[in-house]
Amino acid sequence: MAKPSIPKGTRDFSPSEILKRNYIFDTIKSSFIRFGFLPIETPSMEKLETLTGKYGEEGDNLIFKILNRGAKLDKAVRKVEETENLTQGKIEHILCAEALRYDLTVPFARYVVQHQNDIAFPFKRFQIQPVWRADRPQKGRYREFYQCDADVIGSNALLHEIEFIQLFDEVLSNLHIPKVVIKVNNRKILSGIAEITGESERIIDITTAIDKLDKIGAEKVVEELIQRGIGDDAIDIIKPLFDLNGSLQEILTEMKTILSGSEIGLKGIEELEFVFNAVEKIGLRTARVEFDVTLARGLNYYTGAIFEVKVEGVSIGSICGGGRYDDLTGIFGLKNISGVGISFGADRIYDVLEELNLFPTFKNASTQLLITNFGDDVVQFLPLIKQLRDAGINTEYYPDKVKLQKQMKYADAKAIPFVLFAGEDEIKNNTYRLKNMDTGAQTDLSFDEMINTLKANI
RNA sequence: GUGGAUGUAGCUCAGCUGGUUAGAGUAUCGGUUUGUGGUUCCGAGGGUCGUGGGUUCGAGUCCCAUCUUCCACCCCA
């Protein structure tokens, strides 16, 4: 028999890992709730047609498709055999009707359109569920991972952009992550750049090229622009973007000059300015906000603000993302509804906390008191155990009659803070010997004294 | 999807130019005289050397394929 193993890019989670992960979830969740978001869940799988075309061509290839089964599959296979000139994408659509969700935003858009009559707009929802991507795994990149999304749909107010920046700051501060940089851009600015270069249709080529600026440098970006067929005149207009520096305000002022010929570009600047001023006024706890013209992100449904959050000095890519999408629900038939949202990458945050050694110790997460087994009749201990549990103490009784040494080792391995030595005599005399596993000290106590001691120490 | 590296006990690794029953540390289990752990000492179990082929008298060690993990690209949380 082959060694048991799991598919690549997936992971098992042991008890200690679940504790750590729940710590992240709980932190994110409580902030979501504080900002007024309500929880929903959607199925792991969606209809394939719901997902395709929303993430760009690359994204479509990364969607896990679910093969049809039984008679449907037979029929589909026959159709594939009989049809000529099929592309890979077309074959997939014949053979597969369903797929695992790729993110939480598109299923949410589908949800909103489907339940529009039951929803009071603006609708603020949060959702913490796994997503799947048929990617090639690497560090911090999995094929099954959790996203924690908060979105507002049905409101154009820039208030949300401000609040999302605060939300990033609050959550990541509560997790004690240092050197957090929230990068912000606006799709309208990118459109403006494309417009003034006279290459409006080439916006994707331009943005994906300049997106690499901090990674490969200005020279290589120019090379890539040339390679992508962008004209010299256009490149001359784009070049000044590479060495923008100074304060936020100075950069924005310079951007205004560069984009003076583009109405949409100036609109983007205006929006950003409003958001930045508000954020500056209110102040952030630990994160730093940065304007980054090169920030593009592949998701082609963004229309306004674009967010990306990174941690400086850590070998893991961005830990959060988000932005405004003005017409995502339009694809599902509900027009003119603007949405804006963010996503926390729980697994990457986990990796960051692990790398920086920032997880707290989870004391008392499980058993707090172990009662030893001296081989007495278990039944007479059940009232004692019940009383302890009723008093709010996580209690377990060692189930088997084994050497005390082994019971102590068990308590040690499970990090149980207290051990109670209780035999028939102790019950009879209402005197129990309580041992503090940290200090090794043990004292003889009555039941009430014992409860008080335990409550005071856990 | 493209290119590169990797894979030996649960974990971290050793194993020289192919040569007899594959080692260490750590973890696990048992014992150290039967009601006390995290430290000592003794002992045990555990590996078809990722998997499948091939070369050879003989392969953990060479060749091919395949899978895993990691790195770069692509993309992204």
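In what follows, chains carry the letters A, B, and so on, assigned in the order in which the sequence lines appear, proteins first and then strands, with residues in each chain numbered from 1.
A:Arg288 has a carboxylate O that lies under 4.0 Å from a charged side-chain N of A:Glu312, or vice versa, which qualifies the two as a salt bridge. With respect to the salt-bridge test (charged N to carboxylate O, under 4.0 angstrom), the residues A:Arg187 and A:Glu271 do not qualify. The pair A:Arg285-A:Glu170 does not meet the salt-bridge criterion, since no charged nitrogen lies less than 4.0 angstrom from a carboxylate oxygen. The residues A:Asp135 and A:Arg141 are annotated as salt-bridged, a charged nitrogen and a carboxylate oxygen being separated by less than 4.0 angstrom.
For A:Asp412 and B:G37, a side-chain-to-base donor-acceptor distance below 3.5 Å is present, hydrogens and geometry of angles not being considered.
As a whole-Å value, the separation of A:Asn373 CG from B:U34 P is 18 Å. Atom CG of A:Leu175 is separated from atom P of B:A77 by 19 Å (rounded to the nearest Å). Atom CZ in A:Phe307 sits about 16 Å away from atom C1' in B:A77, given to the nearest Å. Between the P atom of B:C74 and the CD1 atom of A:Ile204 lies a distance of 16 Å, rounded to the nearest Å. Across the protein-nucleic acid pair, A:Glu144 atom CD and B:C76 atom C1' stand 17 Å apart, rounded to whole Å. The distance between atom CG of A:Leu62 and atom C1' of B:U2, rounded to the nearest whole Å, is 14 Å. Taking atom CG of A:Leu420 as the reference point, atom P of B:U36 lies 16 Å away to the nearest angstrom. The interatomic distance linking A:Phe418 (CZ) with B:U36 (C1') rounds to 16 Å, in whole Å.
Each side-chain hydrogen bond (donor to acceptor under 3.5 Å, both in side chains) pair with one or both residues in residues 420-429 of chain A, not counting sequence neighbours, appears once here: A:Gln380-A:Glu424.
Among the protein residues, A:Gly59 comes within range of no part of the nucleic acid, since none of its heavy atoms lies under 4.0 Å from any strand. As judged by a 4.0 angstrom heavy-atom cut-off over every strand, A:Glu308 is placed among residues making no nucleic acid contact. At the heavy-atom level, A:Ser318 lies under 4.0 Å from the strands shown only through sugar-phosphate atoms.
For RNA chain B, no neighbouring residue in residues 15-25 of chain A is found when judged by any heavy atom under 4.0 Å. If you check residues 431-439 of chain A against RNA chain B, the residues with a heavy atom closer than 4.0 Å are A:Arg433, A:Lys435, A:Met437, A:Asp438, listed by number. Residues of residues 395-409 of chain A that place a heavy atom closer than 4.0 Å to RNA chain B, in numerical order, are A:Lys403, A:Leu404, A:Gln405, A:Lys406, A:Met408, A:Lys409.
Of the C1' atoms belonging to B:C76 and B:G7, the separation is 27 Å, rounded to the nearest Å. If you take atom P in B:G10 and the same atom in B:G18, they sit 29 Å apart, rounded to whole Å. A gap of 14 Å separates the P atoms of B:G47 and B:G23, to the nearest Å. B:A9 sits 15 Å from B:G52 when the P atoms are compared, rounded to a whole Å. Nucleotides B:C13 and B:U8 place their C1' atoms 9 Å apart, quoted to the nearest Å. Taking atom P on both nucleotides, B:A77 is separated from B:G50 by 37 Å, rounded to a whole Å. Spacing between B:A5 and B:C11 at atom C1', rounded to whole Å, works out to 22 Å. Between B:C29 and B:U39, the two P atoms lie 13 Å apart (nearest whole Å).
In the displayed structure, A:Met45 atom CE is contacted under 6.0 Å by at most 12 heavy atoms of other residues, nucleotides or ligands. The local environment of CD in A:Gln114 is crowded, with over 12 non-hydrogen atoms from other residues, nucleotides or ligands closer than 6.0 Å.
Projected onto RNA chain B by closest heavy-atom contact, A:Thr372 and A:Lys310 fall at different nucleotides, the more 5' of which corresponds to A:Thr372.
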Next item on the list: Decide yes or no on salt bridge (Lys or Arg N to Asp or Glu O under 4.0 Å) for A:Glu163 and A:Lys124, but give the supporting numbers first.
Entry: CA-CA 12 Å; A:Glu163 289 201 328; A:Lys124 300 176 76 168; 3.8 Å; yes
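Residues A:Leu167 and A:Ile342 form a side-chain contact, since some pair of their non-hydrogen atoms from C-beta on lies under 4.5 Å apart. The shortest distance between side-chain heavy atoms of A:Lys401 and A:Phe374 does not fall below 4.5 Å.
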For nucleotides 41-44 of chain B, give me every protein contact, N/O to N/O, under 3.5 Å, one pair per line with atom names.
none

So which protein nitrogen or oxygen atoms get under 3.5 Å of nucleotides 69-72 of chain B's nitrogens or oxygens?
from, atom 1, to, atom 2, distance (Å)
B:U69, OP1, A:Gly9, N, 2.9
B:C71, OP2, A:Lys139, N, 2.6
B:A72, OP2, A:Gln138, OE1, 3.2

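For the atom pair CH2 of A:Trp132 and CD1 of A:Ile66, the computed distance is 9.0 Å after rounding to the nearest 0.5 Å. One distance of note links CG of A:Asp351 with CD1 of A:Ile316; it measures 4.5 Å at 0.5 Å rounding.
Legend: residues meeting salt bridge (Lys or Arg N to Asp or Glu O under 4.0 Å) with A:Glu224, ordered by chain and number and at least two apart, are A:Lys212, A:Arg228. By the side chain to side chain contact (heavy atoms under 4.5 Å, CB included) test, A:Lys79 is found to be paired with A:Thr83, A:Ile94, residues two or more places apart in sequence or in another chain being considered. The salt bridge (Lys or Arg N to Asp or Glu O under 4.0 Å) check on A:Lys65 picks up A:Glu92, with sequence neighbours excluded. Partners of A:Leu73 by side chain to side chain contact (heavy atoms under 4.5 Å, CB included), not counting sequence neighbours, listed by chain and number: A:Leu67, A:Asn68, A:Val77, A:Leu95. Among residues two or more places apart in sequence or in another chain, the side-chain hydrogen bond (donor to acceptor under 3.5 Å, both in side chains) test is passed with A:Arg11 by A:Asp347.
The cationic group of A:Arg125 lies under 6.0 Å from the six-membered ring centre of A:Phe108 and within 45° of the ring axis, placing it in a cation-pi geometry.
The aromatic rings of A:Tyr55 and A:Tyr102 lie tilted to each other, with the angle between the two planes from 30° to 60°.
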Check: For RNA chain B, what is the dot-bracket line, given that a base pair needs Watson-Crick (N1 to N3, plus N6-O4 or O6-N4) or G-U wobble (N1-O2 and O6-N3) geometry with both distances under 3.5 Å, and | means paired with another strand?
Finding: (((((.(..((((.....[...)))).((((.........)))).....(((((..]....)))))).)))))....
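A side-chain donor-acceptor contact under 3.5 Å links A:Tyr410 and A:Lys414.
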